[in-house]
Engineer: 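Quick one: the structure is below, and I'll ask about it shortly.
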Amino acid sequence: MSSNMDVCLKELALKLHEIDAVKFGEFKIKSGSMSPVYFDLRVIVSYPEVLSMLADLVNDVRIKEKITSKYVCGVPYTALPIATLVSVKGNLPMLMRRKEKKDYGTKKLIEGHFKCGEDCLIVEDIITSGGSVLETATDLRNDGLLVKTALVIIDREQGGKKRLQEKEIQTLSLYTMSSFLDILLEAGKISPKVVEDVLKYVADNKIPTAGDAAEILVDRMKMSFTERSVLTKNPLARELFTLMEVKKSNLCLAADLTEAGDILNLAAEAGPHIAIFKVHVDAIRDYSQDFILSLQKLAEKHKFFLFEDRKFADIGNTVVNQYEAGNFQISSWAHIVTSHILPGVGILKGLRQVMEKCDGDRGTFVVAQLSSDGALTTSSYAQEAIRLTQGFEEYVTGFVCQDGKLLKNHPGVIQLIPGVKIDASGDGLGQQYNSPATVIGINGGDIAVVGRGIYEAKDVAEAAEIYRSALWEAYMKRIE
Ligand SMILES: O=c1ccn([C@@H]2O[C@H](COP(=O)(O)O)[C@@H](O)[C@H]2O)c(=O)[nH]1
């Protein structure tokens, strides 16, 4: 690094400290744990001089490292003003990524003019896990752009760089946590004890990478959905993790009604409170293509995923036809389906064959255990079901499973638990119920499926909100 750049970096670090863009003390962070350091680079918009210095340094690094990207895109929102100045000062066209999640109709996510196949540099303020950079990179890549480099202001050295490397993104940073602390220490702004505390915190809070996850024991029950979103290999699971955090909902509503109109009314009422809307289309008396179009509009409006609980259970070739053809053409509209693994991996190969042709991300929940009394899905069956999905991680969103311990060290998959009701233990037909607190807090569910507990209520919107808040509270308590 040139000495002039060194001087500028020192000056900028001290300014960031002066304007409280970095603070030391005890801060409760999103996951609920306490951090001895807190960065808030949002404040820089009030300091044009700091913003300008930042943009100059980003452009200096870009030139020095011979980054030849044709566009720059800031991760919303904090990095947007930085990217704007980098673009203007460096004469580098900017692209803007919308924050709204994809898969809801044809909404454009990347604004600006660009040529497919060109490279876009991502600019971000801080990386911890690399999740936000990855979300932006995924949307840019989905629109045909290349993403090879992310240039960040501060790398907290908690694993984000390695994770992005796994996704073929090289990360450059103006500062690492250590280099930033060194500057403040040398200037007498912080004590050696603060440096020691922060570095210990960083070392103790490294976020595992997808590679690590297979090797080391990570307790997914203690990890936030955001942290887990970068560990999954299934793009639909990644979107689902993100949507759940945005809507603060880990509720899947089972719409087991038999009239299309009633199902649409239920979706309209409960839509704002749910992450997933689950149907059994073969039980709908007046199923039609218009019904699906209306359901898709509601999914787009209220932002939830569509789930056909088909529980495929045949040989791969038959499942291909059942999934993509017939009256229901499930793969054309259902983001999620369920499948048994009883026939062996041929069924996953069949689903994969169809998913690869789909417009938009798809995934399956493999049934590892059932909620009904006397089910033959023993714990060894469940273990075998999980093992058989190895090699199909890109297509498996998660497992329908009652016992969370089975998935303890699989942070990238989602555990879906049906059989949830606040005030009942069964239905007389074999269904067994647990409370929201038990399924999420004790049994390890990430998402709870609730049917009759909501659609049989007098006020379904109110009931959906009661379940949403109980389930979300249980999740927040679990990751504390
Ligand atoms: O093991 C399983 C797998 C799926 N289900 C489905 O979930 C709902 C539960 O409805 P409730 O009214 O809340 O009982 C239903 O659609 C089942 O097909 C399950 O219950 N158990």
Side-chain angles (χ1 to χ4, degrees), residues 249-260 262-263 266-267 269-270 273-285 287 295 304-313 328 330 334-342 347 363-379 381-382 385-386 396-404 406-407 413-440 443-458 460 463-464 466-468 470-471 474:
S249 176
N250 49 345
L251 169 60
C252 167
L253 171 57
D256 294 333
L257 300 167
T258 52
E259 304 293 332
D262 292 344
I263 296 177
L266 180 64
E269 291 282 307
H273 312 279
I274 63 174
I276 305 177
F277 191 75
K278 184 174 90 65
V279 287
H280 284 284
V281 276
D282 51 357
I284 303 173
R285 262 188 261 272
Y287 176 88
L295 196 55
F304 53 75
F305 287 101
L306 293 177
F307 179 177
E308 163 53 28
D309 192 0
R310 177 63 179 74
K311 297 190 188 72
F312 295 111
F328 304 122
I330 295 167
H335 305 105
I336 304 163
V337 290
T338 34
S339 49
H340 287 291
I341 192 75
L342 200 63
I347 192 167
T364 185
F365 278 96
V366 172
V367 181
Q369 286 173 321
L370 284 153
S371 61
S372 45
D373 183 27
L376 301 178
T377 47
T378 58
S379 137
Y381 174 88
I386 294 163
V396 174
T397 306
F399 294 88
V400 178
C401 174
Q402 295 286 317
D403 176 4
L406 291 163
L407 296 170
V413 297
I414 297 178
Q415 184 187 356
L416 187 83
I417 298 199
V420 184
K421 213 166 183 206
I422 288 172
D423 54 7
S425 59
D427 66 354
L429 289 175
Q431 178 67 301
Q432 303 178 109
Y433 288 117
N434 284 300
S435 70
T438 302
V439 296
I440 304 295
N443 298 353
D446 297 312
I447 301 178
V449 178
V450 184
R452 285 163 281 186
I454 294 175
Y455 67 74
E456 285 181 349
K458 264 206 193 95
V460 292
I466 289 172
Y467 275 95
R468 186 209 62 79
L471 293 164

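We count ligands from 1, going down the list as the structure has it; atoms in each ligand are counted the same way. Basis for what follows: all heavy atoms, side chains included, without hydrogens, waters or symmetry-related copies.
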Engineer: Can you label the angle between the Tyr287 ring and the Phe328 ring as parallel, tilted or perpendicular, going by 30° and 60°?
Structural biologist: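 Rings of Tyr287 and Phe328: perpendicular, over 60°.
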
Engineer: Between Asp309 and Phe365, is any pair of side-chain heavy atoms under 4.5 Å apart?
Structural biologist: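 Sidechains of Phe365 and Asp309: no contact.
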
Engineer: Are the side chains of Leu253 and Tyr467 in touch, meaning some heavy atoms are under 4.5 Å apart?
Structural biologist: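 A side-chain contact under 4.5 Å is absent here.
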
Engineer: I'd like the residue list for ligand 1, meaning every protein residue with a non-hydrogen atom under 4.0 Å from the ligand.
Structural biologist: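 Ligand 1 pocket, heavy atoms under 4.0 Å: Ala254, Asp256, Lys278, His280, Asp309, Lys311, Leu370, Ser371, Pro418, Gln431, Tyr433, Val449, Val450, Gly451, Arg452.
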
Engineer: Does the side chain of Ile330 come within less than 4.5 Å of Phe312's, by heavy atoms?
Structural biologist: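 The answer is yes; the side chains approach within 4.5 Å.
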
Engineer: Check whether any side-chain heavy atom of Pro418 lies under 4.5 Å from a side-chain heavy atom of Gln402, and answer yes or no.
Structural biologist: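 Contact flag for Pro418/Gln402 side chains = yes.
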
Engineer: With Asp282, which residues qualify under side-chain hydrogen bond (donor to acceptor under 3.5 Å, both in side chains), at least two apart?
Structural biologist: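 Result, side-chain hydrogen bond (donor to acceptor under 3.5 Å, both in side chains) vs Asp282: none returned.
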
